[in-house]
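Notes follow once the structure below has been shown.
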Amino acid sequence: MKRLAKYLYVISLDGLSTLDFEYISNLPNFKELLTSASFCKNVYSVYPTLTYPAHVSIVTGKYPKNHGVINNTLLQVNRSNPDWYWHRKSIKGDTFYDLAIQNGMKVGSLFWPVTAKSKIQYNMPEILANRPWQNQILVSLINGSPIFQYKLNKKFGHLRDGIKQPNLDDFTHQSLLHTIKNKRLDLTLVHYTDLDSIRHEFGFYSEEAKLALKRHDKRIGQIMQALKEKGIYEESTIIILGDHSSIDENKVINLNVVLKQKGYIQVDSKGKILKYTAITKNCDGSAYVYVKNNDPKILNEITEIIKEFNDKYGCIDEIYSREKAEEFGADPNCSLMLEATNSYYFQDEIDGEPIKDISIENTKQSSHYTLSTHGYSPFKKDYTTVFIAVGKGIKKGVVIEKMCLIDEGPTFAKLLGVELKSSDGKILEELLEE
Ligand SMILES: [Zn+2]
């Protein structure tokens with residue numbers, strides 16, 4: 001297959017929403033980029049609309065049920081901070097970046113989710129030291145490319161303050177500019193989380209979110225500038241995409257409190273879960289219910305309990321069957337999937353009240369609580385994300401009315417002259433040059 005792109009940059013602006021499009025179109029660097037770009041303002045994410053399932057859908061072109069990353073985190077009942085799906089091995093089948101590597105291309109990645117221990121040659125994976133005895137720098141080094149990361153940490157590590165924003169993205173960004181200057185890579189993946197983190201903390205429509213978008217605009221301008229200075233701007237292809245939108249909320253649903261009260265979850269005297277026959281696992285705006293062995297009698301009881309609960313609180317929009325969840329592309333092994341009503345989201349606490357009001361005070365005290373979140377059905381109103389493509393191999397001025405996140409991977413593969421054979425999505429032929 002003919003290769004259309006020479007230097008492909010895939011830039012993920014986590015949490016970028018359709019509702020941001022007008023605002024960013026009037027920021028100087030986005031504006032300049034958009035004059036020669038093709039784009040789609042209505043990109044449907046995948047269910048659950050979470051960062052890890054979405055980023056894996058982008059690189060595989062598959063629904064979560066087919067790529068295997070069905071949530072951000074694993075079901076680990078007694079861990080207050082469960083592990084995330086950090087490793088490439090969690091992904092079933094091909095990614096477009098692996099196909100590029102197999103075809104002799106050089107790939108770099110900065111904080112792209114679910115790439116730990118992948119074959120990416122220049123990789124700084126997104127992975128957290130999640131055990132008390134682990135050291136963050138060491139965990140990152142052994143799960144990515146040690147020398148590449150060591151050099152970037154040495155040069156720009158002072159910019160970083162854990163996962164605090166905008167510090168983290170400032171680090172990511174300087175690392176990207178440095179990589180553009182010093183390496184010649186066929187494909188570069190980069191994941192910025194500034195906007196998403198800020199929205200979780202301050203809310204969707206906050207002034208802080210607008211400032212995060214302005215910072216992104218400045219970063220985009222500096223990326224364009226770095227490519228121009230290297231003399232490869234005309235030969236580069238730039239993709240700017242979001243993974244999901246988000247919705248303001250102020251109440252948490254803890255259904256496990258009810259399941260414990262009714263005897264489906266059993267705990268010891270210290271509150272540790274000993275066993276369960278039914279449990280919920282949150283995806284923020286939605287939640288999976290897992291019934292042991294999908295026992296039909298228990299499943300019926302649980303469904304009735306949830307309906308009764310919802311009659312009282314009106315906090316759940318939909319109770320989806322396992323079959324329906326699978327049809328939407330979510331975990332085919334769940335027993336039910338619950339979709340929260342706007343202004344509610346799910347957590348997995350087993351103690352306290354089943355509904356908790358969130359105030360700004362809660363979110364200030366703990367990042368455990370947020371003012372805006374995602375994970376809801378991709379078909380909720382005004383909840384789509386954005387796709388912008390510009391440069392070599394891309395036509396100018398094509399506007400795609402609607403598309404899905406799973407169409408991106410096959411399109412990137414085609415740009416690089418490879419083919420994602422088993423994807424669920426379609427190549428966006430209309431924006432590719434002959
Ligand atoms: Zn995200």
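We count ligands from 1, going down the list as the structure has it; atoms in each ligand are counted the same way. Note that the structure is predicted; figures quoted are calculated from it, not measured.
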Please determine whether the number of non-hydrogen atoms from other residues, nucleotides or ligands lying under 6.0 Å from atom CD of Glu433 exceeds 12. yes

Apply the test ring-ring contact (aromatic ring centres under 6.0 Å, His included) to residues Phe96 and Phe412: give CA-CA distance (whole Å), side-chain angles for both, the deciding distance (0.1 Å), then the verdict. CA-CA 7 Å; Phe96 86 100; Phe412 302 154; 5.3 Å; yes

Taking NZ, NE, NH1 and NH2 as the nitrogens, is one of them in Asp170 or Arg219 under 4.0 Å from a carboxylate oxygen of the other? yes

Do Glu339 and Tyr47 pass the side chain to side chain donor-acceptor pair (under 3.5 Å) test, and can you show the C-alpha distance, the side-chain angles, and the key distance before you say yes or no? CA-CA 10 Å; Glu339 171 72 13; Tyr47 202 27; 2.7 Å; yes

Are the side chain of Asn26 and the backbone of Glu22 linked by a donor-acceptor contact shorter than 3.5 Å? yes

So how many protein N, O or S atoms does the Zn ion (ligand 1) have within less than 2.8 Å? 5

Tell me whether the NZ or CZ atom of Lys251 lies within the 45° cone about the ring axis of Tyr344 and under 6.0 Å from its centre. yes

